[in-house]
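Numbers for residues simply follow the sequence, beginning at 1.
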Amino acid sequence: MCELNFKQELVGCYGYPVAENPTQAMIEPAFKAMGLDWRYLTLEVRPEGLKAAVEAARVFGFQGFNCTIPHKVEVIQYLDRLGESAELMGAVNCVVNREGKLVGENTDGKGFVASLKEIDDPAGKSVVIFGAGGAARAISVEMALAGSNRILIVNRSEDRGRELTVLLNDKVKDRCPNLESNFVSWSDRFQIPSDTDIVINATSIGLYPDIDAKIALDSNTLTSNMIVADVIPNPPKTQLAKLAASKGCHVIDGLKMLVGQGIIGIEYWTGRTPDASVMRAGLEAVFE
């Protein structure tokens, strides 16, 4: 008689709100294609319940979990330790169970840079990033490490914007001596500098259900030589993505970044590399 095992390994996503997050649609098909009987649970966790949710992951023996808005920074205090990238950024989007210890990692920036490199090398590029939260932290740090030499942070909260700029100019600049990072307060329609190579929306503007929300920027300052990226996966064609496409820009949608960081997350959890095409197909099926 063959040995029977009905125990499924668990991973998931903690966020609030989280119902619109499509990550499960790419992770579970990847597990199936890999022959793994694993489940990815999409779990709505209110900020006041985050500590208990992390403890629940320990109790249930989760192999790990993703963190999305608004938990990427707050979750740190409930973990056992941080990986190098997460410690540098001060933000976590992927938690890994390593021999019973919950370790915070960050795959957001790595996934973004991987998707960008399929189009162009970020080295020597000038970058504008909207936002200063967890996603902006991860992307700005990884872009700097990949060689981008000018990063402009545009954010409505001056405190958070300057905090991120200080992070880049202090911690990151030690490894990237050619980096120049500045902050601009975002109070009106932002005019993108003409020498910008890459524009990145790392805010939640345009995220479902507010799909008609538009980023306050001067559309006339978007030019066809720019790469425009939006981290929002739902919907993949945000108002910014549509605007950029109409201007002839090369557009990177949120699904591409999501797949990129998802691959790294699965590698952390399982030690194996999934099929990116299976993951992309799972997401595209959701948005047909």
Side-chain angles (χ1 to χ4, degrees), residues 11-31 40-45 64-72 91-95 105-119 129-131 133-140 142-143 198-215 227-245 249-266 268 274-288:
V11 289
C13 178
Y14 288 178
Y16 183 78
V18 80
E20 78 287 345
N21 190 295
T23 307
Q24 183 184 64
M26 72 170 181
I27 298 290
E28 291 207 333
F31 286 157
Y40 186 94
L41 308 178
T42 302
L43 301 168
E44 189 158 83
V45 177
F65 56 90
N66 289 129
C67 280
T68 187
I69 297 171
H71 303 317
K72 293 183 180 184
V92 166
N93 81 315
C94 183
V95 176
E105 300 282 2
N106 201 300
T107 65
D108 271 342
K110 290 181 174 65
F112 177 81
V113 170
S115 64
L116 175 62
K117 283 184 174 180
E118 294 180 14
I119 302 168
I129 300 178
F130 291 98
R137 282 171 174 254
I139 291 170
S140 61
E142 293 292 352
M143 288 292 286
I198 303 165
V199 179
I200 304 167
N201 173 36
T203 76
S204 60
I205 298 171
L207 180 66
Y208 181 89
D210 297 321
I211 61 174
D212 293 325
K214 297 180 180 179
I215 287 187
I227 296 173
V228 177
D230 201 324
V231 305
I232 291 173
N234 183 13
K237 292 184 179 180
T238 60
Q239 294 298 323
L240 175 61
K242 293 175 183 177
L243 173 63
C249 304
H250 199 130
V251 178
I252 300 176
D253 65 28
L255 297 189
K256 196 168 186 65
M257 176 180 165
L258 191 59
V259 169
Q261 61 92 359
I263 289 172
I264 300 168
I266 290 176
Y268 277 144
D275 186 334
S277 65
V278 169
M279 298 170 72
R280 178 79 192 199
L283 291 171
E284 289 177 344
V286 171
F287 293 107
E288 283 184 348

Between [atom1] on residue [X] and [atom2] on residue [Y], distance to nearest 0.5 Å:
X    : Y    : atom1 : atom2 : result
D212 : Q239 : CG    : CD    : 5.5 Å
K214 : T238 : NZ    : OG1   : 11.5 Å
I232 : I211 : CD1   : CD1   : 11.0 Å
M26  : Q261 : CE    : CD    : 5.0 Å
L240 : I215 : CG    : CD1   : 4.5 Å
M279 : T23  : CE    : OG1   : 9.0 Å

- Do F130 and I205 have side chains that get closer than 4.5 Å, going by heavy atoms?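 The answer is no; the side chains never approach within 4.5 Å.
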- Query: Would you say the side chain of F31 lies within less than 4.5 Å of the side chain of V11, judging by non-hydrogen atoms?
  - Reply: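 SC-SC contact between V11 and F31 confirmed.
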For the student: nearest non-hydrogen atoms of [X] and [Y], plus distance:
X    : Y    : value
P236 : F287 : CD-CD2, 3.6 Å
A135 : K72  : CB-NZ, 4.0 Å
A91  : N106 : O-ND2, 2.8 Å
A138 : D108 : CB-CB, 3.7 Å
L258 : P233 : CD2-CB, 3.8 Å
A30  : P274 : CB-CB, 4.0 Å

- Contacts of type side chain to side chain donor-acceptor pair (under 3.5 Å), residue N234, not counting sequence neighbours: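 N234 satisfies side chain to side chain donor-acceptor pair (under 3.5 Å) with no residue once adjacent residues are dropped.
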- Task: Not counting sequence neighbours, list each pair that qualifies as a salt bridge (Lys or Arg N to Asp or Glu O under 4.0 Å) and has a residue in residues 250-265.
- Result: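 For residues 250-265, and leaving out neighbouring residues, the salt bridge (Lys or Arg N to Asp or Glu O under 4.0 Å) pairs sorted by first residue read E118-K256, D253-R280.
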- Item | Derivation and outcome, side-chain contact (heavy atoms from CB on, under 4.5 Å), residues Y268 and E105 | CA-CA 9 Å; Y268 277 144; E105 300 282 2; 3.7 Å; yes
- Quick one: which of I252, L116, I139 gives a side chain to side chain contact (heavy atoms under 4.5 Å, CB included) with M257?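 Per the side chain to side chain contact (heavy atoms under 4.5 Å, CB included) rule, the option paired with M257 is I139, out of I252, L116, I139.
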- Task: Take T107 and N93 through the test side-chain contact (heavy atoms from CB on, under 4.5 Å) and record every step on the way to the result.
- Result: CA-CA 7 Å; T107 65; N93 81 315; 3.0 Å; yes
- Message: Could you go through M143 and I198, starting from their C-alpha distance and side-chain angles, then the distance that decides it, and tell me whether this counts as side-chain contact (heavy atoms from CB on, under 4.5 Å)?
- Response: CA-CA 10 Å; M143 288 292 286; I198 303 165; 3.8 Å; yes
- Query: Passes side-chain contact (heavy atoms from CB on, under 4.5 Å), I27 versus I266? Steps please.
  - Reply: CA-CA 8 Å; I27 298 290; I266 290 176; 3.8 Å; yes
- Mind checking what makes salt bridge (charged side-chain N to carboxylate O under 4.0 Å, His left out) contact with D230, not counting sequence neighbours? none
